[in-house]
There are 2 protein chains.
Amino acid sequence: MRSMSLPSSRTRGRPARLDRARTVQTALDLLNESGLDALTMRRLAQAMDVQAGALYRYFAAKQDLLTAMAEHMVDGIADAAGPTGEGDWSERTARLARALRTALLAHRDGARVFAGTHATGPNTLGFADSLVGVLREAGFGDGDAARALYSVANFTVGHTLEEQAALAPGETGSVEGATLREAVTAGTYPHLAATLPVLTSTDFTAHFEFGLRLLLDGLRAVRT
Amino acid sequence: MRSMSLPSSRTRGRPARLDRARTVQTALDLLNESGLDALTMRRLAQAMDVQAGALYRYFAAKQDLLTAMAEHMVDGIADAAGPTGEGDWSERTARLARALRTALLAHRDGARVFAGTHATGPNTLGFADSLVGVLREAGFGDGDAARALYSVANFTVGHTLEEQAALAPGETGSVEGATLREAVTAGTYPHLAATLPVLTSTDFTAHFEFGLRLLLDGLRAVRT
DNA sequence: ACCTGAACACCGTTCAAGT
DNA sequence: ACCTGAACACCGTTCAAGT
């Protein structure tokens, strides 16, 4: 057969079993199945039918793989702003923040992976440019727009980190309900006792929307 | 001697070289010297002139040690609210948020340690009770006060995580200045290009105060 | 009661050697 | 060019045995 006797000029030898894209995809699948702590280079190699050392031809270190995973996770979120005119600046900023949270939630330990790396790929930079763009076009100054990006991004990542930690196996509720309830019933922490139903609520979307609204209302006040 | 034949009921045998308090303190010292990645049970044991296995008489797992470290880091921050009447609710809340950030900044990788654990000791709960108390006494509803705690805490931890990551060895600036500058000069990301001076600024206090102000202004709007 | 010594079951990373 | 095999220098954790 021609395909055996005349290998294509680009790919002499056997076709590579590995490449960056396939490795990142397999790593994200493994992350979803087993979580970040179980994502080892050896297990990933096993899932790709290869020895662990082979991965280092494509990623200089595990950290680089994690960064590529983080970048892949936030693919497309820049588009959440929508076209100019579709909603005012606060609604468009809210959509971007929600898209970031949703992207992180889409993968087990997604926020931990994202927070633990410093992705500077087109998806991450595109998101940043989009958010800053929405605010600049709405009349915000360059300084305020840049700082607003940090505020929204840091709050969103911080929130989702907590959210995924609370939802992880072994966690009762948002602040480990059992321990809280004990300490609180003992009479200390009267204010926590009074707000216990909300504190132990697992409606994280409501918590997120509350904080997001604070930031947007705050931005509205800054704008004038 | 009586002390040999009649060992005190609490401390027979040689005095223990280890105890929780001394171990946590040594671990925090080691953290400051070498960072979280270098803080291993074996190195900590070495610093205490003991075998690694001995640590497990006081901490069931490394995670428990890290939780105790996190709790110790935020000792006293609840007091930052000050007595009732010393500043209005927004100033008292700001002081609490700043105290949290300062406490995390006081230890290398402090935010990573705090975010990676779920301390429920008196320092952490005291801080939470204090912040919720400030808002409830100012007339905020229980639900809003509880959610405001999450917003402020998640933003503060998220911000400090970024701040300490940016300050870590090997990082140029806030968003890896070099890579950003390249991508930005290429013409893509026009909004990032325009705001580059602020984005790459290392004045993290200004960034933090901006976000904190957004949250407090947002809370002011919610209050009415 | 408190700690040692030694083991168990792993890690990330490197690199000569094979094909 | 791409991957194997094997090693290096570690990890967290457990637990019989010593004192």
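To find a chain, count down the sequence lines: A is the first, B the second, and so on, and within it residues start at 1.
Taking the charged nitrogens against the carboxylate oxygens, D37(A) and R112(A) do have a contact shorter than 4.0 Å, which makes a salt bridge.
The residue among A52(A) and T40(B) whose nearest nucleotide of DNA chain D is located toward the 5' end is A52(A). Of the two residues contacting DNA chain C, namely M41(A) and R57(A), the nearest-nucleotide position lying further toward the 5' end is that of M41(A).
A straight line from CG of D37(A) to P of dG12(C) spans 11 Å, rounded to a whole angstrom. dC2(D) atom P lies 14 Å from atom CZ of R20(A), rounded to whole Å. As rounded to whole Å, 13 Å separates atom P of dC15(C) from atom OH of Y56(A). As a whole-Å value, the separation of L55(A) CG from dT4(D) C1' is 13 Å. Rounded to an integer number of Å, the gap from L65(A) CG to dG12(C) P is 10 Å. Across the protein-nucleic acid pair, D64(B) atom CG and dT13(D) atom P stand 9 Å apart, rounded to whole Å. What separates CG of L39(B) from C1' of dC11(D) is a distance of 13 Å, to the nearest Å. For Q51(A) and dA16(C), the CD to C1' distance is 15 Å, given to the nearest whole Å.
Of the candidates L104(A), L161(A), D109(A), T156(A), L104(A) is the only one forming a side chain to side chain contact (heavy atoms under 4.5 Å, CB included) with F114(A).
Remark: dT13(C) base-pairs with dA7(D); criterion is Watson-Crick or G-U wobble with both hydrogen-bond distances under 3.5 Å. dA1(D) is paired with dT19(C) under the Watson-Crick or G-U wobble criterion, all donor-acceptor distances under 3.5 Å.
In this structure, R95(B) contributes its side chain and A80(B) its backbone to a donor-acceptor pair below 3.5 Å.
To the nearest 0.5 Å, the span separating OG on S201(B) from OH on Y150(A) amounts to 8.0 Å.
Within the 4.0 Å cut-off from OP1 or OP2 of dC10(C), not a single side-chain nitrogen or oxygen of R43(A) is found. A sub-4.0 Å separation between OP1 or OP2 of dC3(C) and a side-chain N or O of Y58(B) is present. Distances shorter than 4.0 Å separate some side-chain N or O of R17(B) from OP1 or OP2 on dT4(C).
Nucleotides dC10(D) and dA9(C) have their P atoms positioned 22 Å apart, rounded to a whole Å.
Among the protein residues, R42(B) comes within range of the nucleic acid bases, having at least one heavy atom under 4.0 Å from a base atom.
By the 6.0 Å and 45° rule, R101(A) stacks over the aromatic ring of F208(A).
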